[in-house]
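I have placed the structure first, in the form of structure tokens, so that the comments after it can refer back to it.
To find a chain, count down the sequence lines: A is the first, B the second, and so on, and within it residues start at 1. The structure presented is a predicted model; accordingly, all values stated were derived computationally and were not measured.
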Amino acid sequence: MTKRTRFAPSPTGYLHVGGARTALFSWLHARKHGGAFILRIEDTDLERSTPESVNAILEGMTWLGLEYDEGPFYQTERFDRYNEVIEELMEKGLAYRCSCSRERLDDLRETAMANKEKPRYDGHCRSLDISPDTPHVIRFLNPDDGVVVVDDMVRGRVSFSNAELDDLIIRRTDGSPTYNLTVVVDDSDMGITDVIRGDDHLNNTPRQINILKALDKEIPRYAHLPMILGDDGARLSKRHGAVSVMQYMEQGILPEALINYLVRLGWSHGDQEVFSQEELIQLFDVDDVNKSASSFNTEKLLWLNQHYIKEADSYHLAHLLSPHLGRLGIDPAEGPDIVKVVEAQKERAKTLVEMAEISEFIYRDFEEYDEKAAKKNLRPVVREPLEKMKEALQQLDNWEETTLHQCVEDVSASLELKMGKVAQPLRVAVVGRAASPGIDVTLALIGKDACLRRIDMALEFIRKREEQA
RNA sequence: GUCCCCAUCGUCUAGUCGGCCUAGGACACCGGGUUUUCAUCUCGGCAACAGGGGUUCGAAUCCCCUUGGGGACGCCA
């Protein structure tokens, strides 16, 4: 049988890394087995679901490249179907009306807790035959005894005693169906064979299996994924920086880096760290997923991101870098070929944001020198090398890397100085700080006019500094 | 509180149904080399089987207990 998996987020916020990994594993499982990956929006909570959230989730999935084969299906459009199933359950005598007040329910819970017992509904309305006209909810008649076994692909066999479960509400007073009912109906109707979801749903699984059994439906295979914790080991939340997948995009993370990072959280293939999408589809197996929760480690994400930046096609990267330059108020069109910029900076940036920042000097004069760099390199002793460089550069017609390199070398030789003694002060003069690509590449990217102008600025800086001393 | 789950370096993890583990790799960190700077690359170092009982000739690997962590217990999903 072909495998069918699904990702079923509730649109009450952004797509966060936990959800993204769940979607990723589901997607990989489907792709690996040549099956279908279905997107379903669980928006039965009318209060909290928003269209903005739906868009944010769609946007995040698109960015990550997790394309779905069917959907998105919206649960709010399937209320008739849910009611049909609820009716079926009622007719079979496997569901009943309940008119217990919230106060009574609250009391029940408190009493149970006080008695050190698990809070559960006592079945008060089971045999009361409440009139359809009085306000009521509908509860599923859960079996009283026996055991439900979940044969989970990652957790193994987990069993729950029916005595621990209670008669859950499947339809609210306002007539809307609840989660445990809709999931079961949808997974069944949509032919989902493999339910891959977060760990927090493990406790719901026996309830869902009971409903499935009552409906005489096939029970899918389950895989409950461990949680992802924040950098500090606590639960991932808004307090832990970037929660939304799209925030990573804004921070200049490549989607393939995030995917690669996420897949290694809870899954591994020997000692391999870097996986292409094709490799993942081939090698991934839910059965190999870890049982324990893992902490998100931004450092490693950054390392992977740098790796992918290094490996990426420069032309492609240029496209991605452009908006980040724009955010700094830079129009890439007003500088050298942006592909050249990318090639010069590729190995020096962990993110696209960083790449944009360290490339700023190429497009405009800097406001002030990096204090340390200036202190160390813009001293009176470098006046001569800088002046000599200025003269030599002024006379240079052919402003390109090879000739620039030769030029710096010649000046160094004529002064009997090591190349670093000339190149480094020159770098600080034209870049404003101590780090940049090779001096020849740096000069080439900045351009002749700006270079000469900045050397003058540096000479002026040295002169003033001397006066003050 | 009750039920369910989890437990190897700071972090992600390897560890084929016990021996090849004086526990391997990666990130981070520290040090060396390459280099005109930074970075890349490269070499090396630091660092863990939560604790206690068993089972066994032999346990990180199996069992039990303790401890710690997480999840669930909603007319949320």
request  = Output every pair passing salt bridge (charged side-chain N to carboxylate O under 4.0 Å, His left out) with a member in residues 283-304 of chain A, not counting sequence neighbours, ordered by first then second residue.
outcome  =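 Found E273(A)-K300(A).
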request  = Decide salt bridge (Lys or Arg N to Asp or Glu O under 4.0 Å) for R109(A) and D106(A); before the verdict, give the C-alpha distance in whole Å, the side-chain angles of both, and the deciding distance to 0.1 Å.
outcome  = CA-CA 5 Å; R109(A) 228 186 321 271; D106(A) 290 343; 2.9 Å; yes
ask   = Nearest of U36(B), U37(B), A77(B) to any side-chain atom of M419(A)?
value =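 Per side-chain heavy atoms of M419(A), the pick is U36(B).
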ask   = Considering heavy-atom distances to RNA chain B, does R102(A) or V158(A) have its closest nucleotide positioned more toward the 5' end?
value =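 The residue closer to the strand's 5' end, by nearest nucleotide, is V158(A).
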inquiry  = If you assign each of A434(A) and V183(A) to its closest nucleotide in RNA chain B, which residue comes earlier from the 5' end?
reply    = A434(A)
Where do N or O atoms of nucleotides 1-3 of chain B meet protein N or O atoms at under 3.5 Å, pair by pair?
from: G1(B); atom 1: O2'; to: K116(A); atom 2: O; distance (Å): 3.1
from: C3(B); atom 1: O4'; to: E164(A); atom 2: OE1; distance (Å): 3.4

Determine the interatomic distance between [atom1] on [N] and the same-named atom on [M]; round to the nearest Å.
N: G70(B); M: G33(B); atom1: P; result: 46 Å
N: U35(B); M: C20(B); atom1: C1'; result: 42 Å
N: G44(B); M: A26(B); atom1: P; result: 10 Å
N: G68(B); M: C27(B); atom1: P; result: 35 Å
N: C49(B); M: U40(B); atom1: C1'; result: 35 Å
N: C12(B); M: G1(B); atom1: P; result: 27 Å
N: C73(B); M: C65(B); atom1: C1'; result: 26 Å
N: G58(B); M: G53(B); atom1: P; result: 15 Å

request  = Assess R139(A) against Y121(A): is NZ or CZ under 6.0 Å from the centre of the six-membered ring, and within 45 degrees of the ring's axis?
outcome  = yes
Rounded to whole angstrom units, what separation is found between the [atom1] atom of [X] and the [atom2] atom of [N]?
X: L415(A); N: U36(B); atom1: CG; atom2: C1'; result: 15 Å
X: L225(A); N: C4(B); atom1: CG; atom2: P; result: 22 Å
X: Q345(A); N: U37(B); atom1: CD; atom2: P; result: 16 Å
X: L108(A); N: G74(B); atom1: CG; atom2: P; result: 10 Å
X: L404(A); N: U36(B); atom1: CG; atom2: C1'; result: 14 Å

Report yes if the side chains of [X] and [Y] come closer than 4.5 Å at any heavy-atom pair, otherwise no.
X: R40(A); Y: D187(A); value: yes
X: R97(A); Y: P132(A); value: yes
X: I455(A); Y: V430(A); value: yes

Between [X] and [N], is there a side-chain N or O to OP1/OP2 distance below 4.0 Å?
X: K376(A); N: U37(B); value: no
X: R109(A); N: G74(B); value: yes
X: Q306(A); N: U40(B); value: yes

Side-chain donor/acceptor pairs under 3.5 Å, residues 412-425 of chain A, sequence neighbours excluded:
from: S412(A); atom 1: OG; to: V408(A); atom 2: O; distance (Å): 2.7
from: S414(A); atom 1: OG; to: V411(A); atom 2: O; distance (Å): 2.8
from: Q424(A); atom 1: OE1; to: R427(A); atom 2: NH1; distance (Å): 2.7
from: Q424(A); atom 1: NE2; to: A434(A); atom 2: O; distance (Å): 3.1

Under 4.0 Å, counting only non-hydrogen atoms across every strand here, what does [X] touch: a base, just sugar-phosphate, or nothing?
X: R155(A); answer: sugar-phosphate
X: S161(A); answer: nothing
X: H224(A); answer: nothing
X: K310(A); answer: sugar-phosphate
X: C98(A); answer: nothing
X: P9(A); answer: nothing

inquiry  = Near RNA chain B, counting only heavy atoms under 4.0 Å, which residues of residues 133-147 of chain A show up?
reply    = V137(A)
Assess whether one donor atom and one acceptor atom, taken from the side chain of [X] and the base of [N], lie less than 3.5 Å apart.
X: T178(A); N: C75(B); value: no
X: R348(A); N: C38(B); value: yes
X: N204(A); N: A77(B); value: yes

query = Within the distance-only criterion (no hydrogens, no angle test), does the side chain of H136(A) pair as donor or acceptor with the backbone N or O of T134(A) below 3.5 angstrom?
reply =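 Yes; at least one donor-acceptor contact below 3.5 Å.
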task = For F275(A), enumerate each residue passing the ring-ring contact (aromatic ring centres under 6.0 Å, His included) test, keeping only those at least two apart in sequence or located in another chain.
result =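 Applying ring-ring contact (aromatic ring centres under 6.0 Å, His included) to F275(A) gives W267(A).
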query = Under the ring-ring contact (aromatic ring centres under 6.0 Å, His included) test, which residues partner F140(A), sequence neighbours left out?
reply = none
Name the pairing partner of [N], where a pair is Watson-Crick or G-U wobble with both distances under 3.5 Å, or state none.
N: G18(B); result: none
N: C9(B); result: none
N: U2(B); result: A72(B)

remark   = Under a 4.0 Å heavy-atom criterion, the protein footprint on nucleotides 45-51 of chain B, written with B, S and -, is -------
D166(A) and R207(A): CA distance, side-chain angles, deciding distance, salt bridge (Lys or Arg N to Asp or Glu O under 4.0 Å) verdict = CA-CA 9 Å; D166(A) 65 356; R207(A) 299 169 180 284; 3.1 Å; yes
Can you name the atoms? Protein N/O to nucleotides 12-15 of chain B N/O, anything below 3.5 Å, with the distance.
from: C12(B); atom 1: OP1; to: S295(A); atom 2: N; distance (Å): 2.8
from: C12(B); atom 1: O2'; to: R264(A); atom 2: O; distance (Å): 2.8
from: C12(B); atom 1: O2; to: K300(A); atom 2: NZ; distance (Å): 3.4
from: U13(B); atom 1: OP1; to: G266(A); atom 2: N; distance (Å): 2.3
from: U13(B); atom 1: O3'; to: S268(A); atom 2: OG; distance (Å): 3.0
from: A14(B); atom 1: OP1; to: S268(A); atom 2: OG; distance (Å): 3.0

request  = Evaluate the ring planes of Y261(A) and F296(A), with Trp represented by its six-membered ring, and classify them as parallel (under 30°), tilted (30 to 60°) or perpendicular (over 60°).
outcome  = perpendicular
Show me the donor-acceptor pairs within less than 3.5 Å that the side chains of residues 17-24 of chain A make with the rest of the protein, sequence neighbours left out.
from: R21(A); atom 1: NH1; to: L265(A); atom 2: O; distance (Å): 2.5
from: R21(A); atom 1: NH2; to: P226(A); atom 2: O; distance (Å): 2.3
from: T22(A); atom 1: OG1; to: G18(A); atom 2: O; distance (Å): 3.0

request  = Just jot down the side-chain hydrogen bond (donor to acceptor under 3.5 Å, both in side chains) partners of H201(A), sequence neighbours excluded, or say none.
outcome  = Y179(A), N204(A)
request  = Please name the pair of heavy atoms, one in R221(A) and one in D151(A), separated by the smallest distance, quoted to 0.1 Å.
outcome  =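 Scanning both residues completely, I find the closest heavy atoms to be NH1-O, 4.0 Å.
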Protein-nucleotides 29-35 of chain B N/O pairs under 3.5 Å:
none

Identify the pairs formed between an N or O of the protein and an N or O of nucleotides 16-22 of chain B at a distance under 3.5 Å, and give each distance.
none

